[in-house]
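Reading through the structure tokens given below for one structure.
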Amino acid sequence: MLDLRLLREQPQAVKDRLATRGTCFSEHIDKLLAIDTERRSAETRLQNLQADRNRLSKEIGKLRSQGQDSSAIEAQVKAHAAEMQTLSQLSTELDSRQHDMLLVLPNLPQPEVPVGETAEQNPVLRLWGEKPAIASPQDHVAIAERLKLIDQERATKISGSAFVCYTGVGARLERALLNFLLDLHTRDHGYTEISTPYVVKPEALVGTSQLPKFEEQLYRIDRDDLYLAPTAEVPVTNLHREETLQLSTLPIKYTAYTPCFRREAGSAGLGTRGLIRMHQFDKVELVKICTPERSREELELLTADAERVLQILGLHYRVIELCTGDIGFGSAKTYDIEVWSPGQNAYLEVSSCSNFEDFQARRMNLRFKGEDGKNRFCHTLNGSGTALARLYVALLENGLQPDGSVLLPEPLHDYFGGQRIS
RNA sequence: GGAGAGGUGGCAGAGUGGUCGAUUGCGGCGGUCUUGAAAACCGCUGUGCCGCAAGGCACCGUGGGUUCGAAUCCCACCCUCUCCGCCA
């Protein structure tokens, strides 16, 4: 959520920066500000009447305690009752409309975020490692089916398309990755492990800004007014919603494994092959809560923590910066980490690291007490560390040996209980 | 699912119609005293909104209602806890 005060004081600057996302919010903002003006004028009028009422009511109390007649003053207060009722309703309604309008405005990209319209314009910041020399690359689905690591057909039978079942050593590899990632981030990178509920209330989704705009991407449990979490970002960041944190506790660094549930509405046929885009996938997430002064640096550190996963596993990857047209709704700045997939002959997004600045904190009223004792909004960040299914794809395709087996990177051997899948 | 208890400021805990935004204690901050610390004593110590400011308004789980006036009365709802049942 944007700062209403900023919107009021510098509407043009906000419009200009939002326009770099490729959508014009000018009309929306004008309407919002008109409501704001009307709301404040109603509020001011109402507050004046309330002040009068409070003053007169005290006099009534005084008169009555002295046994004197107060009917004249009572009539005076009553005279404004109807107007106060109207103003109060008006102000509540305008406030709610204004709030709704504020919730659908995206975050301002940081000034240095490259301006662009599509993913093609995302600059590549750096490359790590090299593409492996594989004589005849194979698609991960071919590899996984040959080695009986996954069972797509039966997963479809029980849950529908775009769900997968890992089987045997395939399931074991998934579990090995999970443990490897959580250990890495807790032991080496200083994150605290969290295990959260996978089902969340709508407020939590509003807090991290999946709602109200992206309802159709979520699995909803109607009967209980709950949703399946699309990412651990939601339960983990919302752990501290409605809290005022002590400065000394910041930055907070959490890591969590959760399955992620996404309807992927409208993306049928888009890279849906195999494990790449599914309705349910496993992910280890990194979340940070920090002061505004620290968030830029924390984003760099968080991205480095996610990159470290691929470095340790020896997987070639690149880091790109999302341009203004491709950046997520709530993000002020985002880096994507893309691992090399020989089978797709393309880079695959395995992590997206974002600084939300105070956008989410405002929505969830997440603050900290500053050195001067004043409450300020925290900054929140998150990034995948990493998505498991796509890492799985990369491991199979990059580890493919001439004999058709898959050689795993050394750091996974103990976790997996072996070096090779054949 | 059944029965009961309860939701007030960082915490504990008063307050049942009129200077109550809220007594008090603890905690926290500042000060006096002390070589230093403790103890003692004194003072301060919630949040949001409107306003250039002075100041004003709102908030005692949420939403309605009664009243000139509601933390206090009425109605509905939500949540938490305890016990029982069921269950991984």
Side-chain angles (χ1 to χ4, degrees), chain A residues 1-10 32-103 195-207 221-228 235 238-250 252 258-259 289 358 361-378:
Chain A
M1 194 157 71
L2 297 179
D3 181 5
L4 182 58
R5 201 157 300 165
L6 179 72
L7 216 50
R8 259 194 318 246
E9 286 164 7
Q10 303 181 43
L32 195 159
L33 289 176
I35 290 173
D36 182 53
T37 306
E38 199 186 339
R39 190 202 95 232
R40 283 189 296 159
S41 113
E43 251 166 44
T44 304
R45 171 78 183 137
L46 175 64
Q47 288 183 4
N48 288 337
L49 292 174
Q50 285 172 325
D52 274 353
R53 185 199 60 194
N54 292 346
R55 191 170 44 77
L56 293 171
S57 288
K58 269 178 193 169
E59 275 182 49
I60 292 169
K62 215 176 287 173
L63 287 175
R64 286 203 183 172
S65 69
Q66 293 165 0
Q68 296 180 33
D69 175 57
S70 60
S71 54
I73 306 182
E74 281 174 38
Q76 214 175 322
V77 180
K78 268 187 178 164
H80 289 116
E83 186 182 2
M84 287 176 72
Q85 175 83 12
T86 308
L87 284 171
S88 159
Q89 275 168 8
L90 180 65
S91 133
T92 306
E93 193 209 315
L94 291 174
D95 186 71
S96 132
R97 273 168 61 191
Q98 178 173 26
H99 189 72
D100 290 348
M101 291 187 79
L102 224 35
L103 284 181
S195 177
T196 70
Y198 304 152
V199 167
V200 293
K201 296 180 180 184
E203 303 93 278
L205 289 153
V206 170
I221 305 165
D222 252 340
R223 181 195 292 262
D224 300 297
D225 197 22
L226 292 167
Y227 293 82
L228 297 185
N238 276 286
L239 282 177
H240 296 290
R241 64 177 292 110
E242 306 283 348
E243 288 185 26
T244 304
L245 302 169
Q246 289 305 313
L247 189 57
S248 60
T249 63
L250 303 179
I252 291 173
T258 68
I289 300 171
D358 62 10
R362 263 177 216 289
R363 290 174 163 243
M364 60 178 80
N365 198 23
L366 166 58
R367 299 174 299 172
F368 71 98
K369 199 167 276 294
E371 265 166 347
D372 56 359
K374 289 226 171 81
N375 294 332
R376 302 167 64 199
F377 288 109
C378 298

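Both backbone and side-chain heavy atoms feed into the values below; hydrogens, waters and symmetry mates do not. Letters A, B, ... mirror the listed sequences (proteins, then strands); counts begin at 1.
For the atom pair A:Leu49 CG and A:Leu87 CG, the distance stands at 6.5 Å (nearest 0.5 Å). Distance check: A:Glu74 CD to A:Glu59 CD gives 12.0 Å after rounding to the nearest 0.5 Å. A:Met101 contributes atom CE, which lies 9.0 Å from atom CG of A:Leu33 (distance to the nearest 0.5 angstrom).
Within a 6.0 Å radius of CD in A:Gln10, other residues, nucleotides and ligands contribute 12 heavy atoms or fewer.
Checking B:C60 for Watson-Crick or G-U wobble geometry (two distances, each under 3.5 Å) identifies no partner in any strand. Under the Watson-Crick and G-U wobble criteria, each requiring two contacts below 3.5 Å, nucleotide B:G9 is left unpaired. Within the shown strands, nothing qualifies as a pairing partner of B:C87 under the Watson-Crick or G-U definition with both distances less than 3.5 Å. Of the nucleotides present, none pairs with B:G51 by Watson-Crick or G-U wobble criteria with both distances under 3.5 Å. B:U82 is paired with B:A3 under the Watson-Crick or G-U wobble criterion, all donor-acceptor distances under 3.5 Å. A 3.5 Å limit on both hydrogen-bonding distances identifies no Watson-Crick or G-U partner for B:A14. Checking B:U32 for Watson-Crick or G-U wobble geometry (two distances, each under 3.5 Å) identifies B:A40 as its partner. If you check B:G27 for Watson-Crick or wobble pairing at under 3.5 angstrom, you find it paired to B:U45.
Spacing between atom CD1 of A:Ile73 and atom P of B:C68 amounts to 14 Å, rounded to whole angstrom units. Taking atom CG on A:Asn54 and atom C1' on B:G69, their separation rounds to 8 Å, with Å as the unit. Rounding to whole angstrom units, CG of residue A:Asn365 and C1' of B:C59 are separated by 14 Å. In this structure, A:Leu90 places its CG atom 20 Å from P of B:C57, rounding to the nearest Å. Taking atom CZ of residue A:Arg53 and atom C1' of nucleotide B:C57, one finds them 10 Å apart after rounding to whole Å. For the pair A:Asn48 CG and B:C57 C1', the computed distance is 9 Å after rounding to whole Å. The interatomic distance linking A:Gln246 (CD) with B:C11 (C1') rounds to 13 Å, in whole Å. Rounded to whole Å, the distance from CD on A:Gln50 to C1' on B:C59 is 12 Å.
Nucleotides B:U47 and B:C83, compared at atom C1', are 37 Å apart to the nearest Å. Spacing of P atoms, B:G36 relative to B:U32, comes out at 11 Å, to the nearest Å. Nucleotides B:C81 and B:C42, compared at atom C1', are 41 Å apart to the nearest Å. Look at the C1' atom in both B:U16 and B:A71: the space between them is 9 Å, to the nearest Å. Comparing the C1' positions of B:C87 and B:A70 gives an interatomic distance of 45 Å, to the nearest angstrom. The gap from the C1' atom of B:A12 to that of B:A22 amounts to 16 Å, rounded to the nearest Å. With both ends at atom C1', the span from B:G85 to B:G6 equals 23 Å, rounded to whole Å. If you take atom C1' in B:C60 and the same atom in B:U23, they sit 14 Å apart, rounded to whole Å.
Between A:Gln89 and A:Ala75, it is A:Gln89 whose nearest contact on RNA chain B lies nearer the 5' terminus.
For A:Asn238 against A:Ala204, the heavy-atom pair with the smallest separation is ND2-O, 2.8 Å. The heavy-atom pair separating A:Ile35 from A:Leu94 by the smallest distance is CG2-O, 3.6 Å. Among all heavy-atom pairs drawn from A:His240 and A:Leu366, the shortest one is O-CD1, 3.3 Å. For A:Leu4 against A:Arg39, the heavy-atom pair with the smallest separation is CD2-NH1, 4.1 Å. Between A:Cys378 and A:Ala361, the shortest heavy-atom distance links the atoms O-CB, 3.2 Å. Contact detail for A:Pro235 and A:Thr196: the closest heavy-atom pair is CG-OG1, 3.4 Å.
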With the criterion being N/O to N/O and under 3.5 Å, what pairs connect the protein with nucleotides 74-80 of chain B, and how long is each?
none

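Side-chain N/O atoms of A:Lys78 include one lying less than 4.0 angstrom from OP1 or OP2 on B:C68.
At a threshold of 4.0 angstrom between heavy atoms, the contacts of A:Ile60 include nucleobase atoms, whether or not backbone atoms are also involved.
Checking B:A58, B:C68, B:G56 against the side-chain heavy atoms of A:Ala51 singles out B:G56 as nearest. For A:Ser57, counting side-chain heavy atoms from C-beta on, the closest listed nucleotide (B:C68, B:A58, B:G65) is B:C68.
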In 5'-to-3' order, the base (B), backbone-only (S) or no-contact (-) status of each nucleotide in nucleotides 44-50 of chain B, using a 4.0 angstrom heavy-atom cut-off, is ---SSSS
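In this structure, the side chain of A:Arg241 engages the main chain of A:Glu203 through a donor-acceptor pair within 3.5 Å.
Contact check on A:Arg97 versus A:Asp100 returns no salt bridge, with no Lys/Arg side-chain nitrogen under 4.0 Å from an Asp/Glu carboxylate oxygen.
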